[in-house]
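Below is one structure, written out as structure tokens; the observations come after it.
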Amino acid sequence: MTPAAEAHLIQGERVVLPVRIRDAAVASAMYTVPAASAQAVIAYSGLEIAETLPGWAICSLAFVRYADGDLGPYHEFAVAFLVRPPGAARPSGLLDRVRGLAGIGAFIHWLPVDQKFTLEAGRSIWGFPKELADIPMDLSGRINRCAVRFGGRTAIELAVRPGVPMPGGAGAPKVDAYSCMDGITRRTPWTVAPSGVRLRPGGARLRLGDHPVAAELRGLGLDRARALSSSTVGHLRMTFEGAEEMPG
């Protein structure tokens, strides 16, 4: 049995950890951005950007359709950056840098959703920076499309063209997801099991609208950048453990 401490009451419903997502679909794009500029964006978290190459970092944009999970069905958009684990030694050379990529985590900088239940659960259980938005999404055509809108005004639009099928992987990769809300940085162990993965270089088109996050992405050069790569996942299972507060 899961201990009572691992249960949370959300809008009168009991949510027990770990939270399981049984079916989701994802489209995403990865961009290289100046590491110093990305570090300035996430400075409030106390975390350090992971430099995949000297002076360069990775910003990931993703939209997710949750079809079956413990938090119900909903749509989500994520802006995330790859970060170094707190306390990890700085890489001293190319080999150290490559080895260090195995331990990097994903810092979730912005996470709009379109349902109130997952909004409250995400904020109260994990400290994820969820906010309520309209998130129309189309994953049925030759191009996967998503927009994030507030009061009819578009903040971001992203279109992803699926690439070539990738062979299925073995096991379920574990990733640390980091968040920071109300001045508290947290780490959440996150297990993902994807299937139906397609990948390609480029393949994404981004349009930035009127929103503070859109302004930040413009400052990183994403309004004129070509995606490093894009991917789609036809079926994704995920597990979210409880969040751990990081030392200040």
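Looking at S124, its side chain never comes within 3.5 Å of a backbone N or O of I10 through a donor-acceptor pair. Between the side chain of R65 and the backbone N or O of P73 there is no donor-acceptor pair closer than 3.5 Å. At least one donor-acceptor pair under 3.5 Å links the side chain of H75 to the backbone N or O of I135. Put simply, the side chain of D70 gets close to the backbone of R20: a donor and an acceptor are under 3.5 Å apart. Counting only distance, with no hydrogens or angles, the side chain of Q39 and the backbone of L47 share a donor-acceptor pair below 3.5 Å.
Residues Y44 and H109 have side chains in contact (heavy-atom distance under 4.5 Å, counting atoms from C-beta outward). Taking 4.5 Å as the limit, some side-chain heavy atom of F128 sits within range of a side-chain heavy atom of T188. By the 4.5 Å heavy-atom criterion applied to side chains, L217 and I156 are counted as neighbours. Between D138 and N144 the shortest side-chain heavy-atom distance does not fall below 4.5 Å. The closest side-chain heavy-atom distance from V148 to V213 is not below 4.5 Å. Within the 4.5 Å cutoff, the side chain of R205 has heavy atoms near those of the R145 side chain. Side-chain contact between Y66 and Q115: absent, with no pair of heavy atoms (C-beta onward) separated by less than 4.5 Å. Using a 4.5 Å heavy-atom threshold, the side chains of Y178 and P85 count as touching.
Once rounded to the nearest 0.5 Å, the distance linking OH of Y74 with CG of L119 reads 10.5 Å. Residue W126 holds its CH2 atom at 10.5 Å from OG of S179, rounded to the nearest 0.5 Å. Taking OG1 of T191 as the reference point, atom NZ of K174 lies at 5.0 Å (rounded to 0.5 Å). Here CD of E241 is found 11.0 Å from CG of D176. Values are rounded to the nearest 0.5 Å. Separating the CZ atom in R123 from the CG atom in D182 is a distance of 7.0 Å, to the nearest 0.5 Å. Rounding to the nearest 0.5 angstrom, the gap separating the CZ atom in R207 from the CG atom in L158 is 12.0 Å.
With salt bridges taken as basic N to acidic carboxylate O contacts below 4.0 Å, one links D68 and R22.
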Practice task
List the steps, then state whether side-chain hydrogen bond (donor to acceptor under 3.5 Å, both in side chains) holds for S45 with T185.
Solution key: CA-CA 6 Å; S45 69; T185 297; 5.2 Å; no
Item to complete: With side-chain contact (heavy atoms from CB on, under 4.5 Å) as the test, would you mind laying out the steps for M137 and V64 before giving the verdict?
Response: CA-CA 9 Å; M137 191 179 298; V64 189; 5.8 Å; no
Show your working on side-chain contact (heavy atoms from CB on, under 4.5 Å) between L236 and I21 and close with a plain yes or no.
CA-CA 8 Å; L236 180 64; I21 307 301; over 6 Å; no
Would F81 and F107 count as a ring-ring contact (aromatic ring centres under 6.0 Å, His included) here? Give the steps. CA-CA 5 Å; F81 296 89; F107 175 68; 7.4 Å; no
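Here the closest non-hydrogen pair linking G163 and R200 is CA-CB, 3.7 Å. Between R186 and G127, the closest heavy-atom pair is NH1-CA, 3.7 Å. Considering every non-hydrogen atom in both A38 and L220, the closest pair reads N-CD2, 3.6 Å. What you find for A25 and G234 is that their closest heavy atoms are CB-O, 3.9 Å. Here the closest non-hydrogen pair linking F63 and V160 is CE2-CG2, 4.2 Å. Taking all atoms of both residues into account, the shortest heavy-atom contact from P112 to A133 is CB-CB, 4.1 Å.
Linking ILVMFWY residues whenever their side-chain heavy atoms come closer than 4.5 Å, directly or via other members, leaves L228 and L61 in distinct clusters. Cluster annotation: F77 and L206 are assigned to the same hydrophobic cluster (Ile/Leu/Val/Met/Phe/Trp/Tyr, side-chain heavy-atom contacts under 4.5 Å, transitive). Clustering ILVMFWY residues whenever any of their side-chain heavy atoms sit less than 4.5 angstrom apart, transitively, puts L111 in a cluster other than the one holding I42. Placement of W110 and L132 in two distinct hydrophobic clusters is found when ILVMFWY residues are connected by side-chain heavy-atom separations under 4.5 Å, directly or transitively. Cluster membership check: V192 shares its hydrophobic cluster with L199, using side-chain heavy-atom separations under 4.5 Å among Ile, Leu, Val, Met, Phe, Trp and Tyr.
For residues 129-151, the ring pair (Phe, Tyr, Trp, His ring centres under 6.0 Å) pairs, not counting sequence neighbours, are F150-H211.
Checked options V83, I104, L82, L53; the residue passing with I58 is L82 (criterion: side-chain contact (heavy atoms from CB on, under 4.5 Å)).
Within 6.0 Å of atom CZ in R161, 12 or fewer heavy atoms from other residues, nucleotides or ligands are found, so the atom counts as exposed in its surroundings.
Looking at residues two or more places apart in sequence or on another chain, you find a side-chain contact (heavy atoms from CB on, under 4.5 Å) between A35 and I49, E51, A57. Applying the side-chain contact (heavy atoms from CB on, under 4.5 Å) rule to S195 yields the partners H235; only residues at least two apart in sequence or on another chain are considered.
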